[in-house]
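What follows is a single structure, written as C-alpha cells, with notes after it.
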Number of protein chains: 2
Amino acid sequence: MKIHVLTQKTGLQPPTIRYYEKEGLLDRRHVERRDNNYRDYTEDAVEHLLLIKRVQAAGFTLKEIKAIMKEEEGNKLELSRAIEFLQKKMKEMDRRKRELEQSQSLLARMLANKLALLEKNET
Amino acid sequence: MKIHVLTQKTGLQPPTIRYYEKEGLLDRRHVERRDNNYRDYTEDAVEHLLLIKRVQAAGFTLKEIKAIMKEEEGNKLELSRAIEFLQKKMKEMDRRKRELEQSQSLLARMLANKLALLEKNET
DNA sequence: ATAAACTATAAAGTATACTTGAATGTCAAA
DNA sequence: TTTGACATTCAAGTATACTTTATAGTTTAT
C-alpha cells in the first residue's frame, strides 16, 4: 500500500513514517520501493507502527523501541544477555507504573477536595 | 538553603532548578532572594521538586505539570471547570497506564520466549 | 589576602521527535 | 494533455527539556 493509505490506518503522518524508516524502525518486511521509487508498505507495517505507537506512549524513546525490536529478531545478543535486557526493561516499566500510580493518587486527592467543596457549596 | 543543598536533596542539577523557576514551576513559597542575590530555598521546595520529578516520570510535560500545580492553588478556574480538568487528566493517566500494561505484556511474551529457548538448550 | 568553591545571568548548544518548506517527479482523471 | 493529487528528497525549522559556556560577583578556608 502507498504511504497515504498507511497514514489512514495508523494515524501517523507521511513525514513521520518516513522519519521512522530513516531512523531504522522499519525494514524490508515493512517497506519496499516500486519502480517509480514510491514506497510500498506491507500489511505488517500497519501492526508494526501501531505497536511503536503503543510502546512509545508507554514512555519509551525511539532508540529504546528500536533496541527492543532488534532484540525481538535478534540472535545477535546471546540468549542470556537478551533475557537480562528484557528484564531490565520490565523493571523500568514497573517503575514507571508506580510513578504513574503515585501521580494518579495525587490527582485523586485533588479531585476529592474539589468535589467536597462542590458538595458544600450545594448544601 | 542554597541551591547546592537542594541539588543534594532532590538529585537535580543547579541549572535544572533555575530552569524550572524560570519556567514558573517555583514561586515565593519555594524560593526567595537574599541580599547577595543568591537564591534561598525553603523546605517546601524539596517536596515540590520531588513531586515534579514523579509526575514528570509519569509522562507529563512541564507545561502540564505547571497547569496541575496552578490548579491545585487556584480558585482561578471555577470549581466545576477545575473538576473537569482533573477528570480529564485522570483519564489521560488511565490511558497511559493501559498502554504501559500492553507494552509490558509484549515484553513479557518476548521474555517467556527467550526463557523457553534457554530451557530447551539446557535440556 | 587570595585562591577555591559557589553563586548569578545570558546566550548558545544538544538531543529527541517531529514538522514544514522548497524543489521536483509521477500518476489518474477530465 | 494538463491539472491536481500524491510521491520523492533534503534542509531547515519547532518544541521540549535541559546542558554547556562565558563572564562575573560572593563567600569560605587557609
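Every chain is numbered from 1 and lettered A, B, ... according to where its sequence line falls, protein lines coming before strand lines.
With D:dT28, C:dA8, D:dA7 as the choices, the nucleotide that has an atom nearest any side-chain atom of B:N37 turns out to be C:dA8. Closest contact between the side chain of A:Q13 and the listed nucleotides C:dA17, C:dT19, D:dT16 involves C:dT19. Which of C:dA17, D:dC18, D:dT27 sits closest to the side chain of B:Q56 comes down to D:dC18. Nearest nucleotide to the side chain of B:P15, out of C:dA8, D:dT27, D:dT20: D:dT20.
Taking atom CG of residue B:L25 and atom P of nucleotide D:dT16, one finds them 13 Å apart after rounding to whole Å. Going from atom CD of A:Q8 over to atom C1' of D:dA5 covers 13 Å, rounded to whole Å. In this structure, B:R33 atom CZ and D:dT26 atom P are separated by 13 Å, rounded to whole Å. Rounding to whole angstrom units, CD1 of residue A:I3 and P of D:dC6 are separated by 13 Å. Straight-line distance from the NZ atom of A:K22 to the P atom of C:dT16: 13 Å, rounded to whole Å. Protein atom NZ of B:K66 is 12 Å distant from nucleotide atom P of D:dA17, rounded to whole Å. For A:E23 and C:dT16, the CD to P distance is 9 Å, given to the nearest whole Å. In this structure, the CE atom of A:M1 is 17 Å from the C1' atom of D:dC6, given to the nearest Å.
Between A:N36 and A:Y19, it is A:Y19 whose nearest contact on DNA chain C lies nearer the 5' terminus. Closest-nucleotide positions on DNA chain D for B:T61 and B:Y38 were compared, and the one nearer the 5' end corresponds to B:T61. The nearest heavy atom of DNA chain D to A:R39 and to B:D35 marks one nucleotide each, and the one closer to the 5' end goes with A:R39.
Other residues, nucleotides and ligands contribute over 12 non-hydrogen atoms within 6.0 Å of the CD atom of A:E64. For CD of A:E101, the number of neighbouring non-hydrogen atoms (other residues, nucleotides, ligands) closer than 6.0 Å is greater than 12.
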Q: Take A:K89 and B:L111, measure what side-chain contact (heavy atoms from CB on, under 4.5 Å) needs, and give me the verdict at the end.
A: CA-CA 10 Å; A:K89 291 289 157 197; B:L111 192 53; over 6 Å; no
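With respect to the salt-bridge test (charged N to carboxylate O, under 4.0 angstrom), the residues B:E92 and B:R96 qualify.
Hydrophobic clustering, with ILVMFWY side chains joined whenever heavy atoms are under 4.5 angstrom apart, keeps B:Y20 apart from B:Y38.
Within 4.0 Å of A:R18, counting heavy atoms only, lies at least one base atom of the nucleic acid. Among the heavy atoms of the strands, none lies under 4.0 Å from B:R34.
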